[in-house]
Amino acid sequence: MKVIGLTGGVGSGKSTVAHILEQDYHAKLLIADDIGYALSLKGAPCFEAITALFSEEYGNSVLCENGELNRKKIAGIVFEKKDYLDQMNKIIHPAVKETIKKQISQYREAGEELVVIESAILIGAGYEHICDEFVLVTVPYHIRKQRLMESRGYSEEKIKEILKNQLPEEEMKKYCSHVLVNDGDLEKIKKQLDFLLV
């Protein structure tokens with residue numbers, strides 16, 4: 001079984017590439033952000049620790065009326081206060097990694113051939129011991145900016161701030177066996193994947 005770590009900065013189009021791998025190559029997808037979301041739902045393993053992290057300063061304002069985390073409120077806090085982001089990551093990231101490792105073991109036992117882990121933060125986070133190789137998804141900045149403004153309503157200032165906090169692509173390339181350019185041409189992406197998965 002092959003385990004590919006699919007990485008790239010915000011707005012690079014990792015999800016698009018991941019879903020092509022799922023549909024055309026029957027890959028099993030492990031989307032780190034989705035796993036992290038599930039682990040932080042009310043009653044899930046990370047919920048209490050995240051609530052406790054913010055409650056001393058922010059009380060119940062980090063919770064919605066239904067008792068779930070107010071993700072918009074928390075996103076605003078961690079955007080302004082990086083120490084909160086670091087502490088929250090120390091809660092979520094190890095739990096995500098353990099969940100991914102367990103799922104990979106199950107896929108291996110089931111005889112699956114290809115597993116894709118999709119995350120912006122695989123490199124330098126210990127996933128080199130989990131993945132057989134890393135693949136970087138990249139995109140020209142003007143396309144990235146347009147995507148994020150249209151799909152998420154981000155300002156250019158916010159895009160630059162997020163990118164500043166992510167590992168630069170030039171640094172990511174040092175660890176990746178392949179670089180996929182995702183400028184929106186799906187056929188071009190598929191040709192790049194055909195070459196990669198030969």
Side-chain angles (χ1 to χ4, degrees), residues 3-15 18 28-108 115-132 134-137 148 151-155 157-169 171-172 175-176:
V3 180
I4 292 176
L6 192 67
T7 194
V10 64
S12 60
K14 296 183 297 298
S15 296
K28 294 296 181 183
L29 297 188
L30 295 171
I31 311 294
D33 283 351
D34 292 351
I35 294 168
Y37 180 90
L39 289 170
S40 59
L41 290 170
K42 188 176 180 181
C46 297
F47 176 82
E48 292 296 338
I50 294 171
T51 304
L53 171 64
F54 292 100
S55 63
E56 188 172 334
E57 186 172 353
Y58 296 96
N60 287 334
S61 69
V62 294
L63 296 178
C64 297
E65 286 184 11
N66 63 1
E68 294 287 358
L69 294 174
N70 184 336
R71 293 172 193 274
K72 192 171 183 180
K73 170 82 174 179
I74 289 172
I77 294 168
V78 300
F79 187 70
E80 295 291 330
K81 299 183 178 181
K82 297 297 181 282
D83 58 324
Y84 270 115
L85 178 62
D86 292 341
Q87 291 178 70
M88 194 166 83
N89 285 342
K90 285 175 184 172
I91 295 167
I92 294 175
H93 291 171
V96 169
K97 192 189 295 182
E98 280 308 306
T99 301
I100 285 173
K101 285 164 72 174
K102 286 176 186 173
Q103 189 63 67
I104 286 172
S105 294
Q106 291 172 12
Y107 285 145
R108 187 169 278 117
V115 174
V116 173
I117 305 169
E118 189 249 277
S119 174
I121 54 165
L122 295 175
I123 294 168
Y127 283 87
E128 62 273 16
H129 304 298
I130 298 171
C131 300
D132 296 310
F134 293 124
V135 174
L136 175 65
V137 182
L148 291 170
S151 66
R152 303 189 197 181
Y154 286 177
S155 65
E157 180 190 7
K158 182 166 185 177
I159 294 166
K160 287 179 176 176
E161 183 68 24
I162 293 169
L163 289 171
K164 191 173 78 176
N165 288 318
Q166 292 184 342
L167 194 66
E169 286 188 347
E171 188 65 24
M172 289 185 189
Y175 300 90
C176 295

4.5 Å side-chain heavy-atom contact, Ser12 and Val137 = yes

key: Min side-chain heavy-atom separation Tyr127-Ile100 under 4.5 Å   = yes

key: Flag side-chain contact, heavy atom, 4.5 Å: Ser105 against Lys102   = no

query = With side chains defined as the heavy atoms from C-beta onward, is the minimum distance between Ser119 and Ile31 less than 4.5 Å?
reply = no

inquiry  = If you count heavy atoms of other groups shown closer than 6.0 angstrom to OH of Tyr175, is the number above 12?
reply    = no

inquiry  = So Val10 and Arg152, do their side chains get closer than 4.5 Å, heavy atoms only?
reply    = yes

key: Least distance between heavy atoms, Met88 atom then Val78 atom   = CE-CG1, 4.4 Å

message = Using the side chain to side chain contact (heavy atoms under 4.5 Å, CB included) criterion, which residues pair with Asp33? Sequence neighbours excluded.
response = none

inquiry  = For Leu29 versus Ala18, what's the shortest heavy-atom pair and its separation?
reply    = CD2-O, 3.3 Å

ask   = At their closest point, which heavy atom of Cys64 faces which heavy atom of Leu69, and how far apart are they?
value = SG-O, 3.7 Å

Least distance between heavy atoms, Ser15 atom then Glu118 atom = OG-OE1, 3.2 Å

ask   = Would a 4.5 Å heavy-atom cut-off, applied to side chains only, mark Ile117 and Cys131 as touching?
value = yes

Gap separating the CD1 atom of Ile35 from the CD atom of Gln103, nearest 0.5 angstrom = 7.5 Å

query = Are Val116 and Leu30 side-chain neighbours, meaning at least one heavy-atom pair lies under 4.5 Å?
reply = no

message = Strictly distance-based, threshold 3.5 Å: is any side-chain N or O of Asp132 a donor or acceptor partner for the main-chain N or O of Ile4?
response = no

Without placing hydrogens or testing angles, list every side-chain donor-acceptor pair under 3.5 Å for residues 45-63, not counting sequence neighbours.
| from | atom 1 | to | atom 2 | distance (Å) |
| --- | --- | --- | --- | --- |
| Thr51 | OG1 | Phe47 | O | 2.9 |
| Ser55 | OG | Thr51 | O | 3.4 |
| Ser55 | OG | Ala52 | O | 3.2 |
| Glu57 | OE1 | Tyr84 | OH | 2.6 |
| Glu57 | OE2 | Lys81 | NZ | 2.6 |
| Tyr58 | OH | Lys81 | NZ | 3.0 |
| Ser61 | OG | Tyr58 | O | 2.7 |

task = Give a yes or no on whether Lys82 atom NZ has more than 12 heavy-atom contacts from other residues, nucleotides or ligands under 6.0 Å away.
result = yes

request  = Would you indicate whether the side-chain heavy atoms of Ile130 and Lys97 approach each other to under 4.5 Å?
outcome  = yes

ask   = Between atom CG of Asn70 and atom CD of Glu65, what is the distance when rounded to the nearest 0.5 Å?
value = 10.5 Å

Using distance only, find each side-chain donor-acceptor pair of residues 36-43 under 3.5 Å and give its atom names and separation, not counting sequence neighbours.
| from | atom 1 | to | atom 2 | distance (Å) |
| --- | --- | --- | --- | --- |
| Ser40 | OG | Gly36 | O | 3.1 |
| Ser40 | OG | Tyr37 | O | 3.0 |
| Ser40 | OG | Arg71 | NH1 | 3.1 |
| Ser40 | OG | Arg71 | NH2 | 3.1 |

